[in-house]
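Every number for a ligand or one of its atoms is a count from 1 in the order of the listing.
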Amino acid sequence: MEAKSSQMVGKTKDNNKVGVIKTWLRKHRLIFTGATRHPFTLSIRDGTVDFKSFKKWLGQDYIFVRAFVPFVASVLVKASKESDDTSDIEVILSGMASLNDEIAWFKKEASRFGVSLTSVVPQKANVDYCSFLEKLMSLEVEYPVAMTAFWAIEAVYQESFAHCLEEGSETPEELKETCQRWGNEGFGKYCQSLQNIANRCLEKAPDNLVSKAEVVFLHVLEHEVEFWNMSRLEA
Ligand SMILES: Cc1ncc(CO)c(N)n1
């Protein structure tokens, strides 16, 4: 009896070490892969991408990123009220700083590709994703839940674009800068910091919050897939 129960304790400890997010990534591997190995980003990686698709994505993503800024600000506010670790604020703040660079980069990139950012009409998938963000900004949404969404949103881009830079990829020269933006090592480390924060929060959170965060994580993945799908060119 005693041996058995200590074995179970050992197992629980192991799961805790692995972390809530790692457990989700295993459990939802296929959905995660659907978002991070989408035909659009795979076409960038293998060099077959249609530049019209890329331009469409660029214009839509600029709109998304503008909406993402107040969402990240709302996570910062939650962290300042609910976090027990002051370094969370610094990580989130560094994310906001990189969004500042990102907006400038979108403007530069759009002009390089001849995309007029002022005339981009947000598509349904984008509007839906932005209203999902809007709901997560509510003061009623708890810090661990919002932090999970924040991590997942950044992680999908990091994994997707890092894959376009791996050995064997044939990403066109003109698109390498885009892939670098989210696929670089620094961005990878930043995503890991976000994951660590989310994990720490989730480990202390009650079960109902962890379930809520898991649902939000899955919704992020669905929105990301829909977002990539937008780059498809309709006849
Ligand atoms: C749709 C989307 N998801 C994630 C990111 C990463 O910031 C982005 N720029 N756009």
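- K135 pairs by the side-chain hydrogen bond (donor to acceptor under 3.5 Å, both in side chains) definition with nothing, not counting sequence neighbours.
- Between F51 and E174, some side-chain heavy-atom pair lies under the 4.5 Å cut-off.
- Using a 4.5 Å heavy-atom cutoff, the side chains of W24 and L218 are not in contact.
- Legend: residues meeting side-chain hydrogen bond (donor to acceptor under 3.5 Å, both in side chains) with E109, ordered by chain and number and at least two apart, are R112.
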Report each N/O pair between ligand 1 and the protein that falls under 3.5 Å, naming both atoms.
residue	atom	partner	partner atom	Å
ligand 1	3 (N)	E224	OE1	3.2
ligand 1	3 (N)	E224	OE2	2.7
ligand 1	7 (O)	E154	OE1	2.7
ligand 1	9 (N)	D61	OD2	3.0
ligand 1	10 (N)	D61	OD1	2.6
ligand 1	10 (N)	D61	OD2	3.4
ligand 1	10 (N)	Y157	OH	3.2

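- For the pair E173 and K176, the salt-bridge criterion is met [side-chain N within less than 4.0 Å of a carboxylate O].
- Residue pairs satisfying the side chain to side chain donor-acceptor pair (under 3.5 Å) criterion with at least one member in residues 125-134, sequence neighbours excluded, are listed as follows: Q60-N126, K124-D128, Y129-E224.
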